[in-house]
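Residues take their numbers from the sequence shown, with the count starting at 1.
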Amino acid sequence: MPRRLSRRPGPEHPVLFTDASDIPVPIEPTRPRAAAQMVEYRPLLAAAETTDLAALTDRSIGQSVTIAGERRPRDALTTAELLLDDGTAVVGLTTRADAPRSVRESLSARFLLVTGTVREREGELQLQVEQAGDLRTIARDWPPRR
């Protein structure tokens, strides 16, 4: 004879959560928000042949790319040193342990133009920075005067 299902807690039906406050909130990825700020840099970014962050996929791993965006502070959910937001997506930036001091210092600018290699680290795409520059300074000096 079939046994009736019981909703009462017991050894056969353990309680996972006592009330709704025990249920974990799903982790949401960091949302891009720099689209409006990046509009003024579009001609420069086209000339520099930058890649939109949203275009980076698992197939991009190992490729060298140039990207640009607004620097954002490190998120507790990522292993990256800092985040870069171009308005289409957000990606983590890391540097090698032996990276020159000039590269590390240039990453303190608010808007960055970065060249690096796409890497996968703990299930997330990150860019290992090889060169970085202040996007506002570069835009101020561009186009070159003849």
I want to check something: taking the side chain as every heavy atom from C-beta on, are Val65 and Thr115 in contact at a cut-off of under 4.5 Å? no
Can you confirm whether Gln131 sits close enough to Ser106 that some side-chain heavy atom of one is under 4.5 Å from a side-chain heavy atom of the other? no
Measure the spacing between CG of Leu135 and CG of Leu113 and express it to the nearest 0.5 Å. 6.0 Å
Nearest 0.5 Å please: distance from the CG atom of Asp86 over to the CZ atom of Phe111. 11.5 Å
Check ion pair Arg74-Glu81 (N to O, under 4.0 angstrom): no
When clusters are formed by joining ILVMFWY residues with side-chain heavy atoms under 4.5 Å apart, either directly or through shared neighbours, do Val91 and Leu107 land in the same one? yes
Got a second to check how far Ser60's OG is from Leu125's CG, nearest 0.5 Å? 7.0 Å
Between Ala97 and Arg104, which heavy-atom pair has the shortest distance, and what is it? O-NH2, 3.4 Å
From Thr78 OG1 over to Arg121 CZ, what is the distance, rounded to the nearest 0.5 angstrom? 8.5 Å
Test item: Pro32 and Asp85 side chains (from C-beta on) under 4.5 Å apart, heavy atoms: yes
Count the heavy atoms of every other residue, nucleotide or ligand shown that sit under 6.0 Å from CD of Glu49, and state whether that count exceeds 12. no
Does the pair Arg31 and Glu28 meet the rule for a side-chain contact (heavy atoms from CB on, under 4.5 Å), with working shown? CA-CA 8 Å; Arg31 294 180 184 223; Glu28 292 189 24; 3.1 Å; yes
Can you find a heavy atom in the side chain of Leu45 that is under 4.5 Å from one in the side chain of Met38? yes
CD (Glu124) and CG (Asp75) are apart, to the nearest 0.5 Å, by 9.0 Å
For Gln63 and Thr117, which I'm curious about, is there any donor-acceptor pair between the side chains at under 3.5 Å? no
Hydrophobic clustering (ILVMFWY, side-chain heavy atoms < 4.5 Å, transitive) - are Leu82 and Val114 grouped together? yes
Taking all atoms of both residues into account, what is the closest heavy-atom pair of Ala54 and Thr88, and its distance? N-OG1, 3.2 Å
Thr50/Ile67 under side-chain contact (heavy atoms from CB on, under 4.5 Å): CA gap, chis, key distance, verdict: CA-CA 5 Å; Thr50 60; Ile67 59 174; 5.6 Å; no
Do Leu84 and Leu112 pass the side-chain contact (heavy atoms from CB on, under 4.5 Å) test, and can you show the C-alpha distance, the side-chain angles, and the key distance before you say yes or no? CA-CA 8 Å; Leu84 191 70; Leu112 298 168; 4.0 Å; yes
How far does CG of Leu127 sit from CG of Leu93, to the nearest 0.5 angstrom? 6.0 Å
Assess the residue pair Arg110 and Gln37 against the criterion (side-chain contact (heavy atoms from CB on, under 4.5 Å)); give the C-alpha distance rounded to whole Å, side-chain angles, the decisive distance to 0.1 Å, and a yes or no. CA-CA 11 Å; Arg110 180 174 175 204; Gln37 291 92 344; 4.2 Å; yes
Within the 3.5 Å criterion, strictly below it, is a donor on Gln126 or Gln128 matched to an acceptor on the partner's side chain? no
Taking the side chain as everything from C-beta on, heavy atoms only, tell me whether Thr30 gets closer than 4.5 Å to Arg72. yes
Side-chain touch Thr51/Thr66, heavy atoms, less than 4.5 angstrom: no
